[in-house]
Structures are given as C-alpha cells and as structure tokens.
Number of protein chains: 4
Amino acid sequence: MARTNEMTIREVRRDLHRRPETGWCEFRTTALVAAELDDRGYEVHLGPNALDVGSRLGVPEDRDLRAAADRARDQGATEAYLDAMDGVTGGVAEKTFDPAGPVVGVRVDMDALEITEATSDEHRPAREGFASEYPGTMHACGHDGHTAIGLGVARAFEETDDFDGTLRLFFQPAEEGSRGGLAMSRTDHLADVDYLFALHLGFGRETGTVIAGFDRPLANGRFDVTYEGTPSHAGHAPQDGNNALLAAVTAIQGLYAVPRHGDGATRVNVGRVRSPNPQNVVADRAEMRVEVRGETTEIRDWMVDRAKRVVDAAATMYGTEYDVDRCGWADSFEADERPVDAVAKAARQHPDVDAAVRRDRMGASDDAANLIRRVQQNGGEGTYVLVGASNPDGHHTAKFDIDEDALDLGVEVLTEAIRNVA
Amino acid sequence: MARTNEMTIREVRRDLHRRPETGWCEFRTTALVAAELDDRGYEVHLGPNALDVGSRLGVPEDRDLRAAADRARDQGATEAYLDAMDGVTGGVAEKTFDPAGPVVGVRVDMDALEITEATSDEHRPAREGFASEYPGTMHACGHDGHTAIGLGVARAFEETDDFDGTLRLFFQPAEEGSRGGLAMSRTDHLADVDYLFALHLGFGRETGTVIAGFDRPLANGRFDVTYEGTPSHAGHAPQDGNNALLAAVTAIQGLYAVPRHGDGATRVNVGRVRSPNPQNVVADRAEMRVEVRGETTEIRDWMVDRAKRVVDAAATMYGTEYDVDRCGWADSFEADERPVDAVAKAARQHPDVDAAVRRDRMGASDDAANLIRRVQQNGGEGTYVLVGASNPDGHHTAKFDIDEDALDLGVEVLTEAIRNVA
Amino acid sequence: MARTNEMTIREVRRDLHRRPETGWCEFRTTALVAAELDDRGYEVHLGPNALDVGSRLGVPEDRDLRAAADRARDQGATEAYLDAMDGVTGGVAEKTFDPAGPVVGVRVDMDALEITEATSDEHRPAREGFASEYPGTMHACGHDGHTAIGLGVARAFEETDDFDGTLRLFFQPAEEGSRGGLAMSRTDHLADVDYLFALHLGFGRETGTVIAGFDRPLANGRFDVTYEGTPSHAGHAPQDGNNALLAAVTAIQGLYAVPRHGDGATRVNVGRVRSPNPQNVVADRAEMRVEVRGETTEIRDWMVDRAKRVVDAAATMYGTEYDVDRCGWADSFEADERPVDAVAKAARQHPDVDAAVRRDRMGASDDAANLIRRVQQNGGEGTYVLVGASNPDGHHTAKFDIDEDALDLGVEVLTEAIRNVA
Amino acid sequence: MARTNEMTIREVRRDLHRRPETGWCEFRTTALVAAELDDRGYEVHLGPNALDVGSRLGVPEDRDLRAAADRARDQGATEAYLDAMDGVTGGVAEKTFDPAGPVVGVRVDMDALEITEATSDEHRPAREGFASEYPGTMHACGHDGHTAIGLGVARAFEETDDFDGTLRLFFQPAEEGSRGGLAMSRTDHLADVDYLFALHLGFGRETGTVIAGFDRPLANGRFDVTYEGTPSHAGHAPQDGNNALLAAVTAIQGLYAVPRHGDGATRVNVGRVRSPNPQNVVADRAEMRVEVRGETTEIRDWMVDRAKRVVDAAATMYGTEYDVDRCGWADSFEADERPVDAVAKAARQHPDVDAAVRRDRMGASDDAANLIRRVQQNGGEGTYVLVGASNPDGHHTAKFDIDEDALDLGVEVLTEAIRNVA
C-alpha cells in the first residue's frame, strides 16, 4: 500500500482522489490514515472502537461492505487495520502533548460519491492523471482534501511540538446522506473534548476566503418508509386488498401538510417512491424516502415526530404493516464564540487569506453538527470552518475539483486556531 | 282526544295528517293507537316495553321530546299512555285468536318529516282542510296511511274473527333516517314471530299495483363524526395546533377511497360538513355526517368497518380526539317465498288490483329490514309489500299526497295475505 | 351630534368607545372627524373621494351598510357628510402650512370589532360609564384611541402653526380583516406623500414604550372560496353528482401542500368550512375561507398564486363551478430610516418615554402596510410606530382597555417626529 | 420452419408452447398460421392488412419488435410472411365455401406471457419436452391451444367442405393487457361478419364443460400516466419546484374517489407507480398505470372520462406537464341468442361434453369483446365460448397447462356451432 508519510498533503489528496470510497466503504482510506498516525505515535481507534456501530445509518448490504474491504486489501491495505475495523470504517486518533492542556478535536470526513468522474482534459484530475480509478465513484465534494488536511494538522504539530494540550482527530465515514455523524457522535471520544473544529473546502468560495463560524445548517432527518399491504385482484375482489399504495399516498399528502413552525424554517420532501404491482392488483407494497428539516435541531425533532405520526396513521387507515428505517440524521448548531474567534484571528493573520469572515449561515447540512452538538452538551465548544477553494464546477458534479492551494492554507489556519484556543 | 274507534280508516289517516309528529315525537299518534287497540282487547306495550331504549338512534334533545309530549297532552292524549311511554314513543299490540296458530306480525311506521306542507288549493289536504296544523312538519311519506292501515288490519280481524293464530302489530317510530328500526328489532316481541309483513304506500306506483316482495334495499349505516383538535394562531404558532379540519379532510378522502366490493354494490357519501374556526386559527373542530351503504347487510357491515378505520386513523394522523355517533341503521333483506306467495295470491284475487307483481327491487332503504332480518334469524319469514297509491308529487315534497282508495285496498290485501299464511 | 372640537382627546376616545362602528360602518366616526377638521380649515375628502370604492374588501351587505348609516343619522351625524360618503366610510383631510415643504401623512384606523364588551366594574369603560352602547360591538383593539390621536395631531399643529409642509391625515375604515387598506392605498392622496406615519397603541407594551420602526409584518391574503357542484342522490345515482365537497377537500389538501419558500416564512390556513347537504345527497356546495401569508409581500403574492392554482384545479377535478372572492389583503413592509430616526429622536426626548426602541418585528398584520408600500413605491418613506399603552387584557377580548395617558404621549411623539422630518 | 400442415392439432399446440411469443411479437406464430392457411387456399391478410396499425396499444419498443422478428427469422419463419407483416403481427384468413351463405368469423388469440415456465417433472410440458425454450416467456393462458384450435377449424371445414358460407379466421395478437383487440376491431374484415365466435380454454372448468355464452365481462381501460414537473432543491428552493409526485398523489386520491355508478359495477386501481428523485429534490417525474373498469362498455367510458379529468386537473394543480398513453382497452358485451343457441346445441350433442351451460358471467376481461361489439354494431351477432380444459394450476402461473383433450373437443363443438348458424 501507498505510504502517506512520504507524500505531501497535496499528494495524499491525489492518492485518495484516485481511489474514492463511498460511505461505510472507506476501508483503504481509514487504513492509510491509521498507518501514518500510528507511525507518528498517535493512539489509533478504528471501526467499532471509533464509533457506535448500532447508530450507523444507511449502511450498504453486507456483501457490498465485504467487496469494498476486499478491494482495499487488494490495493494493499494493511491486514491488521482491516481486522481492527471488523467491517466498520472510520477512526479516531489521539496524541497528548501536554496532559494539563485542553482536549482539542478536529473532525474531517472521508467518503466519496456515486458519481462518474469527467474524463475530458479540461478536468484537471483527468489531465494530470489522478482521476478516479473506481468506476462510478468520485470524490466530488472535497472530502479527499479534508482527509489530507486532517493528516496535515497532525504533521504540523509533530514538527513544531509546541501544542499545550491533547489533539484528537476524528476521521468520519459516510457524511454524504448524513449517515455517519450520528454514530461518531455517540462515543466517549467526544465526552471530554473542550474545542472541536470541523471544516469544509469550497462551497463556492474562492481560495483565500475563510469563514470562521459557518453555522446554523438546516438540521435534517431521513427515513425509508415501506408499507406492506395485502394484494388482491382489483377486478374480482378489491375488498380483499389492503392498499399499500393508498397508505403511501395518504402519508405523502399528510407529510406535505405538516404545518409550518412559528419558531423557524421547516422543510419536508419525499423521493424514491415505488409501488411495483401491476395495475390490476391492489398494491401490496409501496416504498418511499422521506426527508424533513428544521432550522434548529429542536424543530427538526418536532418535524420527525409529526412525520412519524402521519406515516403510522396512514398504515392504520389502510390496514397495512409498515416499516420506518432512519437513514440520515444531521443536527443543526450554532458555532461558539471562542473557537470562532480563534479561527478568525488565525485567518486574519494568514498572508494568503483575503477575506476572513466571522460568521455566515451554512446553506447545506453536515452531520459534523451531531459531533459539535455532543461536545456542546458536554460543556465544550465547537465551530465549523469554511476554507474557500476555487473550483470551476459545483459540488456533486462530474467536474468538481478543488484548488489545491487551499490544502496548506487550511492546515495552517486550523493549526493556528487550535493553538489559539489551547 | 279524538277517538279513532269512531272514525273510518280514511278519517284516521286525515286526523294523523293534520297532526304530524316527527321521529321519536309520535306521542299523540302512539296514544291514539294504544287507545283503540286497548278498547279492542289487545295487549298493548308502549315505549320502553315496545322497543330497546338504548338502541334508539338520532334521538332529539330531551327538551324537544318533552315539548312534543306536552303538545300531545294539550291535544288530549291520554295521560296513562303518556306515562307508559315515559318519553319513548312506539308501541306493540297483540291479540291471540288461536294459540295453536302461528304468530303473524304487521309492522307500520308512524313518523312525519320536517317539511312545510303546501297550502295551495291544488293540494287536496289543503283544499279539504286536513293539512298539517303543525308548522314545518308534514306527513310527506305516507306514514299516516301506514298507521291507519295498521288499525284497519286490527279492525278486519275483529269483525270476522276468523284468524287462526296470534296477531302482533308493530307501530314503529322514527323510520325516517333509519333511526327506529334497530331499537324495535331488539326486543322479544320479534322472537317468536312466524311471519312478518311490512308495507309501504306509493313509491311512484299507481293505485291498483301491489308488489308482494319489494326487497333487497341497499342497507345503510349513518354516523355523525366530530373531530376535536387544538386551536392555535395560524400565523404565530401553527405548530401548536392539532388541525381538526385536516383530520376531517383526510377522513373524507379516505372514505371515498374505500374500495369497491366484488360481491355487490356499495355507496359512501359525506354531508353536513362544518368547521367553524376563523381563517386565522388552526381548526379545533370539524363535524360531518357519513353514510355508507351495501347491497347486502354484510357488505354494509364491511363498509362500516372500513369507514370506522378511516375515521379513526385520520384522528391519529392529526393528533385530534374524535367521536362517532351512529345515527341511522337499516339492514337489507330478501323477502321469503311463503309470505310473498301469500301476498301475491291475495293481490291477484282482489278485484281492484290491476298489477300483482311478485317481486321487485326496492330502490330506497327502510329499516323495516331490521325487523325482517331479526325474524329470519329466528327462523321466521317476512316480506315487505308495496301498495301502489297514485300521488301527484313525489315523496318528501310539500305536495305529497296519497290516493286514499289505497287504504282499504291495503288493509284487504294484507288481511287476506295474513289469512293465507295462517 | 357631539362636537369633538369641544372635547379633549381623551373625551373623544371615550365618545367613540361608546359608539363603536365595525368595518365599513364607521359613518358616525367619519362624520365626527370630518366636522372637526372642516372647522379647522382642512380640505376634507370623504368616502368615494377618499378611497377606491372598487378595491374595498369584505364589504357587508347593502342593508347592513344602510342600517349603519341610519344609526349614525339617528345619532346626529351631519347629513351633508353622510351624503358625501354615499355609503362609503373613511376620509382624508389635508392642510398646507407651507407649500414648499414636504407632504407628511398620518394614517389611523377607525373600526371596532364584533365583540360584546364586558360589563363588570373591574372593566374601566363599564365602571366609568363609557362602555359600548351598541350590542355585540366593541372597540377592543384601540382604534378609538387611534382616531382620537389623529385629531390630536391636527390640533397640535393648529395650535403651534410651526410646521413647514403639508399635513395629510388618513382616517382608514375596516382595518380588521385587512379589508380597508387596499382601497385607501389606491388613490392619488398617497401619490405625493413624502413621509407616512402609521401608529398602533398597546400590543402588550406598557405606557412609556415607543417603537419607532415596528415593521416586517407577515403579509396576508384572504379569500372566500365557494364551490358549486351538481347534487344527486348518493344511493341511486352518485354518478350524476359533481361533488363540491370533494372539490373543497382536494383544495384544502392542496393548499396545505403548497411548498415552503426558501426566501422566508409562509403560512396557509383554512377556516369557515361548510358543506350543508344531507348525507344522502352528493354535495352541491362547499364554502371555505383561505388565508395565506408570507414574510414579504412578494412571498405572499407567490402564495396567492399557488393557492389560486390549487383552488382552480380542484374545481376542474370534480367538475364544479367555483368562485373566489378576496376578502382581506395586507402587505408587508420595512420601515425607512429617516422616519424611524425621526420617531426615535422624538421618543428619546419625551419625558414620559422610558423605552425608546428603534426597531422591532411586528408579530401581527396591519394593512397600513399597503399605504406604506404605496408611498415607498412613489419614492416616499414610511414607518409604523408602536405606542405602548398599559392594558390589563389582550387585544380582541371583552375586557380590552387602554391606558389613556398614552393618547397625549402618542400625539406628542408623533407631532415631534413629523416636525423632525419636515 | 416447422410445417404445421403435417402436425396434429395437439402437435401444433406443443410446437407453439415451446416457442411462446409475447404480445406484438408473435412473428413466428403468425407466419406458421399464414403458411398453413395459404396452403389450404385461404386468402391471408397479415399485419397492416389485418388490423389498424395506429390502434395498437402497449406496443413494445422498436428494437424489441425487431429482435422478435429476427428470432422468428432465425427459427425459419418464411421471409415473405415477415415482409408482409412489416413489423406488425396478427392475421386474418378467409375462404368462401358458398358466397350466398353468411360470413362466420372465428377469433383466437396467439400471445404468451412474461412468465418463466416451471421445469419440474410434475409439469407435463417439462416432463414431455415441450416446455418453453424462450427464457422468461411462457404460454400460461392457453393461447397456444386457441391458435391450434383456429387451425383445427380450418382443417375441419376443408375435410368436409360442407359449409354454406364464408369462413373468416381472426388470429389476434396481444390479448394480454387488452392491447390487440382494439386494432383488430377497427378493420373492414369485421364489417360484414354475420356471426362471430371467440373462445377460451380452461378458466377453472374441467374438460367436458362448455359454456355457450360466456359474457358480460367488466370492460376495462388502461392508461400509462406520466407527470413531468420541475425539479428544485428541497432544502434551498422548494418554491421553485413543480412537484410531479404530488400531482400523481393527488391524482391517485382523485381516482379512487371517482364515485360509484348507480347503473352497475365499477373498478379503479393504480399500479406501477414510480417517482425516482432523491429525497432532497422536488420530484420532477412520476409515473403510474391506471386501470378503470365498468360493468358495461358505457360505464367504462364514463369511468375513463372521469379518470382523465382527475389526471388532468392534478397536473394543473401542481403546474406539471403530463402525458396519458392508452395501453389497454377491452369492451364488455352480451352474447347474442342465435350463436349461443348454436353452441349450446352443438355442445349438448357432443359425446364428450358433460355440462353444456347456456350462459355464465365471465369474471375476467377479454378484448375479444371489442370484436364482438363491432360485429353487433354492424348488425351481426356474436358469442364467446368457454371450453373447459382440466388444468392443475391457475392461469398466469408457472405450472399452467391444459388438458389437450379439450383441443379436439373445442374444434368439434365450434365447427358444429358454425354449421348450426350457417
């Protein structure tokens, strides 16, 4: 396997870019990270020791997980790390520089998307030979860069050794779909974190922009709902059916009728609807995926309660069974003043930062929120940092790329901010 | 009070026509009937002794019942009968001519409608001075004639005394809205009935037509449904409301989506919908009346079960309370061969009968069905006889009237049919 | 008729409180105001000359308007003013102190509510003998005070005569239900207004509080919707009906499903639903009142468009006719800096003002917004001033009252603010 | 290619059973039939000359049709017949025995189903080596037998030559899904048919049962409905979407709420629902297949009108485009007395017929109805004959088979019935 120790941060990012792994399949990525941090003297926790296995959401089929682990093995991932993962990706690595100082966490995500990367020469990864080698999979949201920055922070402190505290690095799997944050937020690794920094590259901001408190995302909750009814011939015996399609239809109507909330914005949407029965059979099955959002975690929770009530009652109305499977979960949060100040100060002092923004509202969701909320509940503080990275095409598109100059900038601002809070 | 003993059947009908009493308010009518049959040596059971008080449907407010009883008293209704009724109208009268013979029942209904009778000269009751004296109330469905015929049958057997069995006369209240039949079907008076005859005048058929088995009505069930939610200001705090209107709306959608039935016709309809909140308050109340029908009693029961499931689930979906109050209930039935034969034979032999029809399908509902079904369940047999009565305007209209020649014809055919089964 | 000229502002308020007139029925109030301003040398425009008659919303039946005008006449309202109104209440009065100066508008509202006033001694109007003399009608929102303040401003400038501009006073009818603002905003009287001040008393704030820019109400739009279908017997011929109830039900589902808006808050609610057919008749009529709101006027307009599309399509789906009648309309607005500054400065300098708040968000709606928006569209500026007035019970309740000390304070702050912009 | 001339009817059935062709793909079957009837001196019309090409419903993609024709060619189908078909299967063959006599039609269907045939030894076609050789395709409804019987009738008359009229044989494609009958009913070949006989094997009746008038199927109409809306991000800009899923949901609610019909049974059902957008995107596409039925052709037409109104209005409500594509169409019919008599007489006289039933109600649909209705509209008469054929498993299942003794019986009864009407 490649040894990241011998690579620059930029080279690490390119290595990961070539071998993108989607959510819960980041076996090679996790093993690479573990190897370098092991070497650097970090205490490394992997898979079941890094996150709460039962809280994982939207986990692929077992065979898909095994295939991903096998591929990582074929690519040279160290067997010992694969064994430690035991089928569960993700890692937490920790090093104490000064036991009297604060515990400072950094959270980065590692997963790629199911997108086929562009192959034309105008797309730099293609032109320079580091485009995805895995068909249908692509780092189209910059998480390759995030992982590399995570390692970069570790290197920065090792070189200088001037940090008066404990550094704890969270390499989170499955951020896409808000599937991994919940599991990673439910471990003791967060219990004593004093300051947590999460970060993201890009988001339409140019290299040289840093937002110290990129917060207040819409919290979300996602659910796969399946209704199972009773089929019957729609001509001869419609009365014998329990119509799963009508249950779903009634639920969808009810979901969009969940009222607005006086305390803040809400959203509700339904996708992936399918009821496959032929038209002459009363539907015995209907599936859908429901997403609710709220301006705060509390409003999201209220939306979830209302949505569940609707889903349940629709099953009762049509005499069907049903199943609700949570498949995504991201909280909202407000960044805390101290870490925001620490980043803002670091950014203002960095020679390559043109625009040091104190706060801005995050448009999207990120389940880093779950970790930040957990830290805040324990009395710690957190923020989410946006590091601009000029990119020609939007996130989640086939030509997404990042300006790699943002990588070192990200490492440097984050490192300085960490020193500022210590 | 008038003494019907001294009146012809036609005069009895006119007396009742002038003093129409709506469902559960037939105090004077019941008292009149009781007086004559008492005189004729019948054993008379009134009110609580004639029907199951707890099974009455759509009963007016207590004060309305009291006002109706007071009016009857003012009109001279015998106090003893009013006492016996104890606020509950209806009566069963019985006389045994030959204890070895069969028990034969005759069921007639007595209630009027909330219709204001026409006052123009072209309307005979107005022209001849026997139009309704009670404002807003009218015998617009011929039940005045039915009651008169019931007495006529008693007179016929008394005169001839040639009946080898027991005659039991059921004077049912509150047929309109299918409110009284259920209560009258749930007493022991029906337990040993061998043959039951119910009858109706008119229904668009001319005088001289008799249908011996007028059967297979659509069974029906009617319910008043009220949803009680939680109000809230629709602008400031829509999230605090539990929307009773949306519960009702969802229920209505669900009710009309109750599937067709492969074994026979069904119907569903909703009326009397009301949700009175102002438009800026989340609705805390919504009312509606639901009616379901089925080609058989069993299909109606299936519709009722489905409808109740819908109504219940809609309340759950919107977090409201709800109340369902049955307010009408009529079964379906098939007339039995022997009593149909008995009527058909009597009709064919009657000089004034032009068309003696063996069977035809009843378009409407009549809760006489509940009594007939009860007799059938006990091993007895029953039929429902249509006696044509030329009438210029339709039932339930302000100018409805009946050709009074049909009264004696009805008495004679029924009397002969009863002899035919004895 | 009473002559307000001879009354204090407090006495004017009490006179109006005793004779409250609901929306579009403010004949006596308008006449009183006209008389005093006429006397004071104002050019007075009444009824059709004060507002756009065709833009009135939620106008009562003609006979109710006539009865209200007759009552005003009986109470001594000057015939000439009633003639000028020609059935339409409301007035605009203008006086030019210095033609070179700006045109400054003041808008107050005059209408009462359909509430029965409390009669207990703990309610000051009852205790001190100025409670409503008109049954079922009450000044329960302080508009009596607003009208009095409007006259107070006129008196203030007359006494001092130190105003370098034109003063134009808008006495608006039918603010409750957002029914009058649209009509008053659609005249040339607003075309050249440089600064417009609207005001409201109370709103839970104590006497001594002034909010200089009480703005950003939720804009609203209200509509009475009626579906007219085709009745049919639900048992015999359901296929012949065009179900107005199902049209309304489908519309209601569709209305609550109008999507959230990414640019700001929205609301939708339905009330006053009624479908009166009996349960055995396919509904030929269904009525409802729909209210939509938006955080901005533009979002409200978008909601209205969507709502109308839903209402229209539901009629098509069930083959019914329908009618949509706008019955309420209030815009949103943002107060402008200059008039806000002018009020804030006046408030800070007033000895009885404890809390001079620059800006706060209006929770409710007020169709003064329509006038302010119109002024802003013409290049003018406006604000809406909240004058605290300690009151024991909430607005729109039977015991609502205002601390009358707020009347003079309101006049003084407003007068000073007007001088500040001139 | 196989030459059916040299096979018994039973062998023809087995040959077809091994090479089942689904609707509109019956190229080999059509060519086989054409070859034999050509040889026997029939005038043969194929494809565009046999049916109205534009009225075909549920036609597969062009490439699927070409693949099916290529497979038939590979299997030895005569090029000349494939050329004549020009991509359109189905044939009409005619022979005039006596130009003075009546024109008698026989209609059989030829298509197979998308079912994978059982391979276990208990299934006779597998055991005896004539199971389907085409994966996923199977004659699971007996149409192989119908086609063989069609040829058998031709052989019977050729041998005896004692028929005084014209025999016209209709070999219809795509009966499954009611896709071919409409196209075949819209040609002049039916215009002068005096008597038309259609037939079906099996339907749960044992060999030896013949129903002479198997009629009054529920007429049906099937439609593929697609809504195309506007996608938007459900979090950032839900207001920019036009929600195709909500259009479909509203349509489904509306479809199930189409009222019952007082003149006879109706049905409505929806299947194959799909809306594939991710849960965070407002749905831009939703598909469904709608089926309506009616006890008569007229009631079906009424259902279609109502359903289309619903589908159209739902698109309007949500601002989407939509497309409705008819994909199935079967009328209802009542069999005529003369052909029913002719079959009943033939059945009673046949030594192997145990139960000669005059009439029974068809439970299912068959688009032979379209042809029969067309003949009736032209003054001709028709019937649909059920020929019992003991079969262990139900129609449309992997183990469906027919008792081949029913083949000759079917030919003989049909032949005799034809002689009876001539």
Side-chain angles (χ1 to χ4, degrees), chain C residues 229-266 268 280-283 292 294-296 298-303 305-320 322, chain D residues 227 229-266 280-283 292 294-296 298-303 305-320 322:
Chain C
T230 313
S232 73
H233 193 279
H236 306 148
Q239 75 277 8
D240 291 340
N242 285 308
N243 197 320
L245 174 60
L246 278 173
V249 157
T250 301
I252 293 169
Q253 285 272 28
L255 287 165
Y256 282 97
V258 169
R260 274 72 170 168
H261 199 293
D263 296 343
T266 57
V268 59
N280 63 344
V281 174
V282 172
V292 295
E295 191 167 332
T296 65
E298 290 68 30
I299 295 177
R300 189 270 324 272
D301 290 347
W302 178 87
M303 287 292 291
D305 286 347
R306 285 284 181 125
K308 285 187 169 174
R309 198 170 76 184
V310 166
V311 165
D312 171 76
T316 303
M317 186 172 285
Y318 289 97
T320 70
Y322 76 103
Chain D
Y227 289 99
T230 313
S232 73
H233 193 278
H236 306 148
Q239 75 277 9
D240 291 340
N242 286 308
N243 196 320
L245 174 59
L246 278 174
V249 157
T250 301
I252 293 170
Q253 285 272 30
L255 286 165
Y256 282 97
V258 170
R260 274 72 170 169
H261 198 295
D263 296 342
T266 57
N280 62 344
V281 175
V282 172
V292 295
E295 191 168 331
T296 65
E298 290 67 30
I299 295 177
R300 188 271 324 273
D301 290 347
W302 179 87
M303 287 293 290
D305 286 348
R306 285 283 181 128
K308 284 187 169 173
R309 196 170 77 184
V310 166
V311 165
D312 171 76
T316 303
M317 186 173 283
Y318 289 97
T320 71
Y322 76 102

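All figures in this text were calculated on a predicted structure; none of them were measured in a lab. Within every chain, numbering begins at 1; the chains are lettered A, B, ... in the order of the sequence lines, protein sequences first and strands thereafter. What's counted below: heavy atoms across the whole structure, side chains too, no hydrogens, waters or symmetry copies.
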Legend entry - Rounded distance [0.5 Å steps], CE in M317(C) versus OG1 in T250(D): 6.0 Å
Legend entry - Among the listed options S232(C), G254(C), G262(C), the residue most often paired with chain D at heavy-atom distances under 4.5 Å: G262(C)
Legend entry - Atom group of P259(C) that falls short of 4.5 Å from chain D, counting heavy atoms: side chain
Inset, instruction - Sort N243(C) into side chain, backbone, both or neither according to what part of it lies under 4.5 angstrom from a heavy atom of chain D. - result: neither
Inset, instruction - Sort A234(C) into side chain, backbone, both or neither according to what part of it lies under 4.5 angstrom from a heavy atom of chain D. - result: neither
Inset, instruction - With rounding to the nearest 0.5 Å, note down the distance linking CG in D312(C) to CZ in R309(C). - result: 10.0 Å
Legend entry - Inter- and intrachain pairs under ring-ring contact (aromatic ring centres under 6.0 Å, His included), touching residues 239-262 of chain D, at least two apart: H261(D)-W302(D)
Legend entry - Nearest-0.5 Å distance, CE of residue M303(D) to CG of residue L255(D): 8.0 Å
Legend entry - CG-CZ distance between N242(D) and R306(C), expressed to the nearest 0.5 angstrom: 5.0 Å
Inset, instruction - Can you tell which part of A314(D) gets under 4.5 Å to a heavy atom of chain C, answering side chain, backbone, both or neither? - result: both
